[in-house]
Student: 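Just passing along the structure, written as structure tokens.
Proteins come first, then strands; the chains are lettered A, B, ... in the order of their sequence lines, and each starts at number 1.
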Amino acid sequence: MAEEKGLARARAVYRNRRHRAEELKAAGKKVIGYLCAYPPLEMMTALDIVPFRLLGDINEPISKADSCLPSVVCPFIRSTLDLGLKQRYEFLDGVVMAHSCDVAEKTAHIWNIYLKPDYFHFIDTPHTAGPSAVAQHRGLLAAFGKTLEELAGKKITTRSLKEAIKLHNRQRALVRQLYSFRKPDPPLISGVETLQVMVALMSLPVTEGNELLEEVINEVSRRQDSPPQKKARLLVWGSILDNTSLIEMMEGLDASLVMDDTCVGSRFFWPDVELTEDPLDGLARRYLVDVKCPRTFRQTNDGGKTKDYRADLEARFGYLKEYARDWNVQGVVLQSLRYCDIHGYEVPQVKDYLKGLGLPSIYIEHDYQQTAMAPLKTRIQAFLEILDRG
Amino acid sequence: MKWFMGLDIGSTASKGIITGNGRPPLYHRLPSKADYRAAAEALSSELLAKADLRRQDITATVITGHSAGDLPAKHRRIADIRCCARGIAHLFPQARTIIDVQAMSGRIIRLSAEGRVTDFISSELCAAGGGRFLEVMANILRVELDDIGPLSLKARKPVHFTTGCAVFAESEAISRVAEGAAKEDILAGVHQALADKLAALVERAGLEEGCALCGGGALDSGLIKAFQEKLGVNLLVPEQPQFVTALGAAIMAGETGRNEDKEQP
Amino acid sequence: MTEKKRPINRLKSMYPLRGLIDGMYRQGLSAAAEGKPVAWCMVNWWQGDPILKAMDVATIYPEDYGAVCAAFGAAQGYLERSAADGFPSHMCGYARNCLGYTGRMMDAGGIPEEAPMGGMPRPTLLLGSGSLCDARYKWFQSLGRYFDAPLWVLELPHPGVKEGLTPGAHETNISFIVAQLGEFVTFLENLLGKKMNRDRLDEITTDTVEMNNWWHKVNELRRARPGPMHSRDFWSSMPASLYMAADPGQTAGLYRRMYDEIKERVDNKVSAINTTEKYRLAFLELPPWHSLGFFDKLAERGWNFVIESWAYHPPRPIDLNGVTDPLERLARYSYHWLTGYYRQAYDAGEWWGYFAYPYLEYVRDYQCDGVVLHPLLSCRTATNHLTLVADRLMKKLKVPSLVIEGDIVDLKLFDPAGALTKAETFEETMDHYKKVRKEAGFSW
Amino acid sequence: MSKAKGHFAGIDLGSTMTKVLLIDGEGQVVARRHGPTGAEHRRLANRVMAQALEEAGLSLEQIDYIVATGYGRVNIPFADCEVTELSCHARGVSHLFPRARTAIDIGGQDAKALKIKNGRLIDFVMNDRCAAGTGRFLEVTAAALGIKLEDMGRLSLEATESVKIGSTCTIFAQQEIVGLITAGKPLPRILAGLHEAIARRVLEMARGLEIEADVVLTGGVAQNEGVVRAIGHNLGGKVLVPDEPLYSGALGAALLAGDMASKASANGAAVPGRERRLEAARLYEDLED
Ligand SMILES: Nc1ncnc2c1ncn2[C@@H]1O[C@H](COP(=O)(O)OP(=O)(O)O)[C@@H](O)[C@H]1O
Ligand SMILES: Nc1ncnc2c1ncn2[C@@H]1O[C@H](COP(=O)(O)OP(=O)(O)O)[C@@H](O)[C@H]1O
Ligand code: SF4
Ligand code: SF4
Ligand code: SF4
């Protein structure tokens with residue numbers, strides 16, 4: 001496995017995520033699991049702790065999670081908790097979770113109660129992004145840093161944190177570069193391959209991730225076997241996609257997935273951390289304000305005195321217009337996991353916005369189940385038929 | 001002479017038992033068809049005929065399962081979960097957990113040594129947790145219900161089902177046949193899917209020593225195997241699994257019969 | 001002969017409290033008619049409402065309106081409307097009801113004809129909340145599709161038990177809330193073009209705390225055997241506190257009267273049910289509003305519901321003497337409501353300090369024989385913790401739980417006949433655990 | 001409309017029924033056949049196709065273009081192209097009713113609402129997850145009640161009011177119906193209730209599209225007069241139903257086959273019919289065993 005490079009390596013890591021983490025652990029490193037996009041990785045990297053993203057497994061039927069979490073919640077979270085309960089994450093030294101959404105918060109407590117990790121920290125990420133919330137968030141990150149330092153047995157210094165930020169910013173820049181290979185038609189890298197790389201990055205220490213990215217970029221920029229041209233270029237928006245099944249289905253039809261706005265993708269990697277004098281300031285702002293997940297409420301005008309729906313939509317979703325333009329997108333697939341409130345409320349509003357842009361969209365809801373894809377396939381195919389003739 | 005009758009009016013089958021006077025219990029079963037009241041009526045008449053008894057010979061009757069409206073004299077209605085627990089406790093005093101696979105739902109019952117219910121969970125919101133799921137599958141595979149167990153035991157590569165819906169599992173099965181999967185593999189997959197669903201409930205209730213399987217689903221050797229593999233224990237399976245609830249009802253009829261005078265109206 | 005007794009012995013003092021809610025809708029309508037500001041609010045546990053009151057803004061609670069529409073049979077049409085507008089049907093039923101209602105209101109150019117209780121007038125502003133569930137701000141944000149009313153979202157920190165108890169965390173969180181409330185005041189002053197009257201806020205805050213203290217004392221009395229107040233009376237009376245339907249001073253008086261009535265019951269051992277109290281129960285969380293008659297049937301079997309949802313209870317009293325800034329008093333009070341059990345939870349090694357832990361205390365202190373859990377298909381927040389709570393109660397207190405599925409607006413999901421059959425079986429379970437607890441040395 | 005000469009076929013391999021429809025270059029139907037979709041898709045598709053060919057007196061080589069649609073569309077080896085049933089229904093329905101703006105298609109395992117403009121599909125919604133509210137729902141209850149599927153609609157028309165059916169699951173609804181019969185409710189009213197439940201469910205879903213007239217009901221369930229009445233009633237207006245609603249999808253597929261053939265020949269591409277011998281051979285081979 002070690003000899004594999006570039007895309008092949010990414011695929012191998014994607015298929016066996018914990019392999020490298022376990023090796024590192026055996027070599028004496030600390031590995032910490034994190035849920036969702038909110039715990040700042042830089043702080044872990046600064047202490048030489050390896051952050052490892054907690055994900056679910058779409059092919060594993062959920063059985064244990066039902067004994068502590070009801071079935072009417074986000075199936076991704078249920079799956080992740082289920083894996084935890086089945087001891088698939090027992091190689092971790094601990095976990096850090098955040099108040100990214102309601103279920104994630106509740107699941108954090110449940111994880112702590114039933115899995116009793118040696119290290120556990122909960123970051124109560126605020127829901128708003130005004131000045132008091134950013135200040136609060138900064139304090140929360142400082143508190144997180146303290147517990148991490150205890151675990152690591154050393155201190156986070158301004159220097160080490162800045163170094164870590166640079167490493168992660170470098171990763172982000174490389175990801176953006178990789179994404180730019182999706183702009184040509186046909187794209188140089190498929191949606192499935194991209195997602196495999198993203199998952200791999202979330203399973204490796206940042207330096208190894210950066211190496212991998214460099215290999216991939218090198219490989220892709222010169223590849224002879226790039227994906228074929230397809231009839232439609234799609235953007236996918238919405239809930240977490242931590243496995244390739246949905247994208248595979250879409251790309252198996254006559255479509256290229258050229259851009260995403262999901263959190264194992266651009267949403268996670270896009271914004272850089274500003275190198276502020278006190279690095280915590282930059283981190284606090286980046287993770288609360290700059291990550292564009294609908295879980296954060298943003299005032300979009302003069303302190304909320306007035307309100308204008310169009311302006312509100314523009315402020316919230318304007319980046320989608322840029323994505324669509326730069327990646328030459330013809331249609332948008334809005335997808336949400338069933339029971340995801342965060343994305344569910346957003347759907348009609350994103351639809352309104354895209355309609356205003358004249359960009360066709362389709363909404364699909366899924367259960368995080370491989371076999372439930374068949375009816376979705378018909379939907380996507382019909383959507384493509386509409387695009388084709390449009 | 002004291003005779004007691006237990007009637008279990010199920011969604012597909014109605015089961016009845018007469019006990020008393022140290023005689024082995026007398027069993028009878030008929031399809032519930034569309035009319036539960038008629039089923040109860042027919043079941044008790046046929047049972048009586050079989051036992052060669054008259055209505056007035058029966059000291060007390062407990063009716064459970066689906067039943068509505070006013071009851072005749074000396075009849076009492078008791079919740080089926082209680083009857084089921086009582087029936088199992090009678091057959092297997094060591095049982096502490098029951099998996100009861102009925103037509104419309106599967107459920108997990110935990111019980112004390114005296115056969116009292118200490119916890120119960122049903123797979124209610126969806127039909128995919130009951131025996132009906134098996135019937136639907138047997139139907140599309142054109143297999144007799146009695147054959148699905150033995151066939152499933154012959155499976156080599158069970159098909160993996162993940163859909164949660166009994167109705168959609170049907171189309172999934174059809175697609176698998178189209179792809180060339182063997183009937184036995186599909187059946188084994190169905191058994192595993194059902195066992196997975198109910199095992200998750202067992203997990204929730206907590207598996208203790210002495211786990212019994214009953215209800216019509218326990219007639220299915222494929223399902224029994226799937227459960228045993230999933231739970232890693234040997235299951236206690238009664239000889240007449242479909243009659244357990246009726247048996248419990250008859251036993252409770254015996255208790256009420258004896259306590260007749262003390263009974264509250 | 002005497003008239004037939006109702007199975008549940010309702011409190012007389014409940015009726016005026018319940019009546020306050022009708023008054024709330026009337027006040028909202030008349031405020032709108034007079035051109036005065038009206039706010040649609042999420043329940044915010046006394047964070048923002050006192051401020052709105054001090055600014056003379058009428059408050060209306062679309063959450064409550066969801067229950068009203070369900071009760072009057074108007075919800076179905078609103079739910080269909082929100083589905084047609086593309087809101088997924090797995091989301092909060094109250095939210096979907098409100099979104100559908102709003103769609104209809106905007107189409108009709110005013111309150112739609114069929115709207116129960118006279119309807120909710122179009123608001124001047126929206127007050128969302130970051131506590132307990134995501135719907136509480138995402139829902140209001142979605143209302144932007146229908147009208148342009150500014151939305152303010154108030155935060156209430158939800159630390160983990162350990163994180164909340166680390167030195168300094170408490171005060172940091174209080175400062176955050178105070179800052180949040182300050183920003184909210186500024187927003188209101190800008191929006192309404194007037195200054196807030198601090199003295200008025202001071203008074204309202206004092207009354208709010210006083211109101212809840214009486215309400216708390218009422219609930220303390222319910223530990224008595226037989227239980228003197230049934231959960232149905234609780235549900236009828238709680239909106240007066242949660243929604244701040246009236247002047248809190250006035251409400252305080254009404255709770256005080258309720259206290260007196262219950263005290264008398266306790267002294268005379270009068271029960272809330274007219275059958276012998278065989279089982280004492282707790283109910284979690286929102287009841288099936290449309291099938292409350294179900295509780296009569298259970299009362300006939302000797303089931304007395306003596307305590308219920310933590311989240312609808314007022315906090316245990318705290319000392320706010322010496323806190324002069326009313327904003328800070330509000331901040332401390334609301335934060336205490338959420339985190340007031342953290343210390344005990346920590347000591348008990350229970351990491352879910354709100355929702356899950358308080359029930360351990362409730363069930364022990366109110367000596368419950370069983371707990372009825374009512375998971376809701378469309379509200380994650382009232383459902384997430386239920387399995388966990390059932391598990392903790394069994395492990396720690398040997399108290400069993402009964403699950404009865406339902407929903408707050410989708411009436412079809414509650415099956416009263418099936419629920420009664422389950423209840424019958426559950427009696428056997430409760431009897432069993434009574435013995436188990438006795439053997440294990442518990443006091444009830 | 002296709003100007004191409006020759007013959008075109010549409011095959012709609014639905015979850016419940018397999019439908020084949022052949023048209024000539026003028027768009028005239030020359031044959032149509034259907035049979036129940038079984039577990040073995042391919043063979044069944046072959047058989048129904050063979051029957052339709054026989055009826056038209058044609059051989060497979062004489063068909064210039066074949067479009068497959070329906071949920072088993074990928075399993076048809078002799079098809080030249082697969083198109084979703086949504087596009088096919090839209091095409092078929094607007095051929096029959098040029099003024100149609102909305103089509104509701106209720107099939108064996110799903111229900112869909114289509115929005116049509118200039119003869120094309122422009123938007124749609126589909127039901128999800130639960131089989132309730134589909135043809136399967138009717139089949140299961142017909143079986144439970146021991147009546148013929150074809151009689152259900154007519155029987156329900158005898159009722160002037162309906163019984164409320166609350167269950168959302170096919171299997172549970174069957175239970176509920178059995179209970180209603182036990183409670184002595186008259187059969188026609190129960191059936192009317194059943195149709196009402198389907199109509200409400202489907203329309204609830206369709207509302208997201210802003211239903212515009214003319215509304216056409218298609219798919220196998222459109223053969224049920226009771227459902228037609230209930231939908232019409234709920235919409236407060238008339239619903240158009242094709243003479244052969246079962247075949248709308250297959251018709252659309254055949255018409256699209258014509259469109260594609262003429263597009264292909266305009267581009268100078270080969271007409272696939274000539275190369276179809278191999279599949280044709282297999283078609284008959286399959287029929288033999
Ligand atoms: N011979 C058999 N092999 C396998 N399963 C069977 C057999 N006979 C009955 N069953 C299953 O038993 C179920 C009926 O079980 P039962 O406990 O009688 O249910 P109910 O009481 O709800 O009618 C049927 O749905 C069927 O799946
Ligand atoms: N004669 C009939 N009367 C009423 N309904 C019918 C009749 N024939 C078929 N159906 C209904 O049509 C459904 C099949 O419709 P169809 O459009 O062919 O679905 P699919 O394409 O999914 O196979 C069956 O489930 C059945 O309910
Ligand atoms: S998909 Fe939705 S519910 Fe699930 S973790 Fe993400 S935001 Fe939360
Ligand atoms: S139709 Fe399917 S998903 Fe729906 S309740 Fe029935 S079995 Fe479950
Ligand atoms: S707590 Fe539940 S009912 Fe209340 S707003 Fe949130 S989701 Fe809706």
Student: If you count the non-hydrogen atoms of other residues, nucleotides and ligands that lie under 6.0 Å from NZ in Lys194(C), is the total more than 12?
Tutor: yes
Student: Yes or no on salt bridge (charged side-chain N to carboxylate O under 4.0 Å, His left out) for Arg380(C) and Asp102(A), after CA distance, side-chain angles and deciding distance?
Tutor: CA-CA 9 Å; Arg380(C) 242 75 59 217; Asp102(A) 190 30; over 6 Å; no
Student: Just verifying a value: how many Å separate Arg338(A) CZ and Ser89(C) OG, rounded to the nearest 0.5 Å?
Tutor: 8.0 Å
Student: For the residue pair Trp352(C) and His109(A), categorise the inter-ring angle as parallel (less than 30°), tilted (30 to 60°) or perpendicular (more than 60°).
Tutor: tilted
Student: Between Tyr309(A) and chain C, which part of the residue has a heavy atom less than 4.5 Å away: side chain, backbone, both or neither?
Tutor: both
Student: Please look at Thr107(A) and chain C and tell me whether the side chain, the backbone, both or neither of the residue comes under 4.5 angstrom of a heavy atom of that chain.
Tutor: neither
Student: Before you tell me yes or no, could you show the steps for Arg392(C) and Ile113(A) under side chain to side chain contact (heavy atoms under 4.5 Å, CB included), namely the whole-Å CA-CA distance, both residues' side-chain angles and the distance that decides it to 0.1 Å?
Tutor: CA-CA 10 Å; Arg392(C) 306 321 284 167; Ile113(A) 290 169; 3.9 Å; yes
Student: Considering only NZ, NE, NH1 and NH2 on the basic side and carboxylate oxygens on the acidic side, decide whether Asp341(A) and Lys138(C) come within less than 4.0 Å.
Tutor: no
Student: Side chain from CB out, backbone as N, CA, C, O: work out which of these in Cys340(A) comes under 4.5 Å of a heavy atom of chain C, or both, or neither.
Tutor: backbone
Student: I need the His127(A) NE2 to Leu156(C) CG distance, nearest 0.5 Å.
Tutor: 10.0 Å
Student: Could you tell me which portion of Ala133(A) (side chain, backbone, both or neither) has an atom closer than 4.5 angstrom to a non-hydrogen atom of chain C?
Tutor: both
Student: Quick check for you: to the nearest 0.5 Å, what is the distance between Phe147(C) atom CZ and Lys307(A) atom NZ?
Tutor: 8.5 Å
Student: Quick check on the interface: out of Asp85(C), Leu132(C), Leu99(C), who has the most heavy-atom pairs with chain A under 4.5 Å?
Tutor: Leu132(C)
Student: Within this structure, what is the CZ-OH distance for the pair Arg145(C) and Tyr345(A), rounded to the nearest 0.5 Å?
Tutor: 14.0 Å
Student: Go through Pro126(A), Ser67(A), Pro70(A), Cys74(A) and name the one with the most non-hydrogen pairs under 4.5 angstrom from chain C.
Tutor: Pro70(A)
Student: For chain A, which of Arg96(C), His385(C), Gln180(C), His158(C) has the most heavy-atom pairs under 4.5 Å?
Tutor: His158(C)
Student: Heavy-atom cut-off 4.5 Å, strictly under: side chain, backbone, both or neither for Cys92(C) against chain A?
Tutor: both
Student: Give a yes or no answer on whether the side chain of Gln299(A) reaches the backbone of Leu151(C) with a donor-acceptor pair at less than 3.5 Å.
Tutor: yes
Student: What option among Gly144(C), Gly130(C), Pro157(C), Gly353(C) has the most heavy-atom pairs under 4.5 Å with chain A?
Tutor: Gly144(C)
Student: Would you say that more than 12 heavy atoms from the other residues, nucleotides or ligands in this model lie under 6.0 Å from the CG of Asp118(A), or not?
Tutor: no
Student: Check Arg295(A) with Asp134(C), please: is the shortest side-chain N to carboxylate O separation under 4.0 Å?
Tutor: no
Student: Give, as side chain, backbone, both or neither, the part of Phe184(C) having an atom under 4.5 angstrom from any heavy atom of chain A.
Tutor: neither
Student: Are a donor atom and an acceptor atom from the side chains of Gln136(A) and Asn173(C) found within less than 3.5 Å of each other?
Tutor: yes
Student: How long is the straight-line distance from CH2 of Trp351(C) back to CZ of Phe122(A), given to the nearest 0.5 Å?
Tutor: 14.5 Å
Student: Side chains of Gln141(C) and Glu346(A): does their closest heavy-atom pair fall under 4.5 Å?
Tutor: yes
Student: Determine the interplanar angle of the His90(C) and Tyr339(A) rings, folded into 0 to 90°, and report it as parallel if under 30°, tilted if 30 to 60°, perpendicular if over 60°.
Tutor: perpendicular
Student: So how far is it from Glu163(C) CD to Leu140(A) CG, rounded to the nearest 0.5 Å?
Tutor: 9.5 Å
Student: Counting heavy-atom pairs closer than 4.5 Å to chain A, which one of Ser142(C), Ala390(C), Gly160(C) comes out on top?
Tutor: Ser142(C)
Student: Using a distance-only test with no angle check, is there a side-chain donor-acceptor pair under 3.5 angstrom linking Glu183(C) and Ser132(A)?
Tutor: yes
Student: Picking from Lys351(A), Glu105(A), His99(A), which has the most non-hydrogen pairs under 4.5 angstrom with chain C?
Tutor: Glu105(A)
Student: Who among Lys146(A), Arg316(A), Met97(A) has the most heavy-atom pairs with chain C under 4.5 Å?
Tutor: Arg316(A)
Student: Report which part of Tyr114(A) has an atom under 4.5 Å of a heavy atom belonging to chain C: side chain, backbone, both, or neither.
Tutor: side chain
Student: I'd like to verify something: which residue of Cys133(C), Pro88(C), Gly86(C) has the highest number of heavy-atom pairs under 4.5 Å with chain A?
Tutor: Pro88(C)
Student: So which part of Val73(A) gets closer than 4.5 Å to some heavy atom of chain C, the side chain, the backbone, both or neither?
Tutor: both
Student: Return the option, out of Asp66(A), Val347(A), Leu69(A), Leu313(A), with the maximum number of heavy-atom pairs under 4.5 Å with chain C.
Tutor: Leu69(A)
